[in-house]
Amino acid sequence: MQLKNKVAIITGAASGIGKQIAIEYARQGAKVAIADLSLDAGNAVAEQITTAGGSAIAVVMDVTNPDQVDAAVTQVLDTYHNLDIMLSNAGIQIISPLVDLKLEDWRKMMAIHLDGAFLTARAAMRAMIHNKKGGSIIFMGSVHSHQASALKSPYVTAKHGLLGLAKVIAKEGAAHNIRSNVICPGFVRTPLVEKQIPEQALSFGISEEDVIKKIMLKDTVDGEFTTTQDVAQTAVFLAAFPTNALTGQSITVSHGWHMQ
Ligand code: NAD
């Protein structure tokens with residue numbers, strides 16, 4: 001029970017990594033808000049958690065929409081009366097050579113990853129400063145916060161940007177006992193990655209098996225995917241860490257693909 005009675009909002013928690021973090025946070029005693037585009041999908045995760053004895057609600061939040069972000073945070077404060085953890089996780093992937101990339105796709109990536117990170121962090125910091133209890137703001141980065149891959153120019157750019165944002169929040173938040181860190185996973189087999197495998201096979205003219213072996217897991221120490229549970233455990237560690245000693249950092253969970 002490392003997060004007993006802590007209140008956490010997790011964006012993009014209707015699927016993949018965010019969903020597993022919500023489940024693990026609830027197991028550790030936190031009250032969790034599943035923030036995602038679809039209320040139905042969020043409710044399904046919230047129900048799974050409450051059926052297992054945890055506390056969870058679903059809130060509608062398009063992270064690119066400032067009014068929806070603020071309204072969802074207010075809804076969580078009305079329900080649980082505090083906010084200790086904001087885990088800004090919602091994300092997408094767009095695979096394209098830079099020369100073919102449409103400006104609208106570039107902007108979509110920046111809006112979800114960077115506007116979304118800014119808006120969720122701003123709303124969380126306002127609540128945490130008002131409540132005077134401090135808190136933890138965690139961004140879902142990627143190995144692509146540190147390294148580049150072909151065909152992923154907007155994703156790599158956005159994920160690098162999160163490191164800068166977390167460092168500024170670490171400085172501005174310290175006086176209010178607000179910490180900020182970034183988790184940087186390697187490849188995890190979620191819907192986001194399942195979709196990329198055939199897309200990359202087509203773009204590089206190789207088999208899907210080779211996309212996995214020769215691209216995705218090529219530089220890991222053991223040829224293994226990172227799991228949603230690996231990332232969720234890291235998210236628990238960061239959220240439960242008690243002091244400002246660990247702030248402005250990124251932690252990579254990638255089977256050694258990237259070593260800092
Ligand atoms: P996923 O597709 O399984 O889940 C993403 C979730 O984000 C979905 O529920 C989706 O509805 C939600 N979402 C998308 N746009 C949104 C918006 N505008 N507002 C609110 N919610 C929105 O993907 P995932 O693999 O679990 O990815 C989660 C995060 O982890 C992303 O930020 C991704 O970049 C990051 N990440 C994933 C991997 C991986 O290999 N899967 C590796 C490193 C980092």
Side-chain angles (χ1 to χ4, degrees), residues 9-24 33-46 58-73 86-95 105 107-120 123 138-149 152 154-163 165-166 182-197 199-200 211-212 215-217 220 224-232 234-235 250-255 257-258:
I9 297 177
I10 301 142
T11 73
S15 173
I17 292 172
K19 177 178 171 181
Q20 191 63 43
I21 292 172
I23 291 168
E24 194 53 41
I34 316 297
D36 212 304
L37 296 169
S38 147
L39 194 58
D40 283 351
N43 270 328
V45 177
V59 291
V60 178
M61 187 196 285
D62 177 342
V63 297
T64 68
N65 181 323
D67 294 337
Q68 275 193 24
V69 171
D70 290 345
V73 170
M86 171 62 83
L87 207 148
S88 188
N89 163 78
I92 59 162
Q93 180 58 280
I94 295 169
I95 302 291
D105 282 340
R107 286 186 172 148
K108 186 176 177 190
M109 181 71 78
M110 297 308 149
I112 294 174
H113 289 258
L114 290 181
D115 296 4
F118 157 62
L119 292 170
T120 52
I138 302 169
F139 297 107
M140 193 53 65
S142 163
V143 163
H144 287 113
S145 298
H146 296 283
Q147 295 202 13
S149 291
K152 295 188 175 174
Y155 187 83
V156 169
T157 305
K159 291 299 190 190
H160 274 66
L162 294 176
L163 299 178
L165 183 60
V182 185
I183 302 174
C184 298
F187 280 102
V188 183
R189 283 200 95 148
T190 65
L192 180 138
V193 161
E194 294 297 348
K195 184 170 168 283
Q196 288 176 53
I197 296 170
E199 287 174 356
Q200 292 209 32
V211 171
I212 293 172
I215 297 179
M216 294 185 163
L217 305 179
T220 61
E224 297 280 343
F225 277 99
T226 300
T227 66
T228 55
Q229 186 58 21
D230 296 327
V231 184
T234 311
S250 69
I251 298 187
T252 304
V253 206
S254 69
H255 284 259
W257 168 14
H258 176 69

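When a ligand or atom number is given, it counts from 1 through the structure's own listing order.
Atoms of ligand 1 found under 4.0 Å from any heavy atom of Gly16 (numbered from 1 in listed order, with element): 3 (O), 26 (O). Listed by number with element, the atoms of ligand 1 under 4.0 Å from a non-hydrogen atom of Met61 are 19 (N), 20 (C). Annotation for ligand 1: atoms under 4.0 Å from non-hydrogen atoms of Gly141 are 43 (C), 44 (C). Near Met140, with a cut-off below 4.0 Å to any heavy atom, the atoms of ligand 1 are 29 (C), 30 (O), 35 (C). Atoms of ligand 1 lying under 4.0 Å from at least one heavy atom of Ser15, given by number and element, are 1 (P), 3 (O), 4 (O), 8 (C), 9 (O). Close approach of ligand 1 to Gly186 is summarised as follows: ligand atoms under 4.0 Å from at least one heavy atom of the residue are 40 (O), 42 (C), 43 (C). Short contacts between ligand 1 and Asn89, defined as distances under 4.0 Å to a heavy atom of the residue, involve ligand atoms 28 (C), 29 (C), 30 (O), 31 (C), 32 (O). Atom numbering of ligand 1 starts at 1 in the shown order; those under 4.0 Å from a heavy atom of Phe187 are 40 (O).
Rounding to the nearest 0.5 Å places CD of Gln196 at 11.0 Å from CD1 of Ile94. Note that OG of Ser142 and NZ of Lys152 are 7.5 Å apart. Values are rounded to the nearest 0.5 Å. Taken from CE in Met216 to OG1 in Thr226, the straight-line distance is 12.0 Å, to the nearest 0.5 Å. Distance NZ/Lys19 to CG/Asn89: 13.5 Å, rounded to 0.5 Å.
Side-chain contact annotation: Thr64 with Asp62, donor-acceptor N/O pair under 3.5 Å present. Using modelled atom types, one finds no donor on one side chain facing an acceptor on the other under 3.5 Å when comparing Thr120 with Thr11. Defined by atom type and a distance below 3.5 Å, a donor-acceptor pair is missing between the side-chain atoms of His255 and Glu224.
At the top of the distance list for atom 36 (N) of ligand 1, counting protein heavy atoms only, stands Tyr155 OH, 3.5 Å. The protein heavy atom nearest to atom 23 (O) of ligand 1 is Leu192 CB, 3.3 Å. Protein heavy atom in closest approach to atom 5 (C) of ligand 1: Gly91 O, 3.7 Å. Of all protein heavy atoms, the one closest to atom 43 (C) of ligand 1 is Pro185 O, 3.4 Å. Protein heavy atom closest to atom 7 (O) of ligand 1, with residue, atom name and distance, is Gly12 CA, 3.4 Å. The protein non-hydrogen atom at the shortest distance from atom 22 (C) of ligand 1 is Ala90 CB, 3.6 Å. Among all protein heavy atoms, the one lying closest to atom 17 (C) of ligand 1 is Leu37 CD2, 3.5 Å.
Checking each of Thr252, Asp230, Ile138, Ile251 against Ile183 for a side-chain contact (heavy atoms from CB on, under 4.5 Å) leaves exactly one that passes, namely Ile138.
Among the atoms of Val63, some N or O lies under 3.5 angstrom from an N or O of ligand 1. Considering backbone and side-chain atoms alike, His113 places every N or O at 3.5 Å or more from each N or O of ligand 1. In terms of N/O distances under 3.5 Å, ligand 1 is approached by Thr190.
Considering all non-hydrogen atoms of both residues, Ala14 and Gly42 come closest at CB-N, 4.1 Å. When all heavy atoms of Ala22 and Ile34 are compared, the pair lying nearest together is CB-CD1, 3.5 Å. Between Lys159 and Ser145, the shortest heavy-atom contact is O-OG, 2.9 Å.
Asp70 pairs by the side-chain hydrogen bond (donor to acceptor under 3.5 Å, both in side chains) definition with nothing, not counting sequence neighbours. Not counting sequence neighbours, the partners of His144 by the ring pair (Phe, Tyr, Trp, His ring centres under 6.0 Å) test are Tyr155, Trp257.
Of the candidates Asp62, Val188, Ile17, the one placing a heavy atom closest to atom 40 (O) of ligand 1 is Val188. When the heavy atoms of Asp36, Ile21, Ile10 are ranked by distance to atom 10 (C) of ligand 1, first place goes to Asp36.
Checking side-chain atoms of His146 against main-chain N and O of His160 turns up no donor-acceptor pair under 3.5 Å.
If you look at Val193 next to ligand 1, the close heavy atoms, those under 4.0 Å, all belong to the side chain. Contacts between Arg189 and ligand 1 below 4.0 angstrom, taking non-hydrogen atoms only, are absent altogether.
Heavy-atom separations between Lys159 and ligand 1 include at least one value shorter than 4.0 Å.
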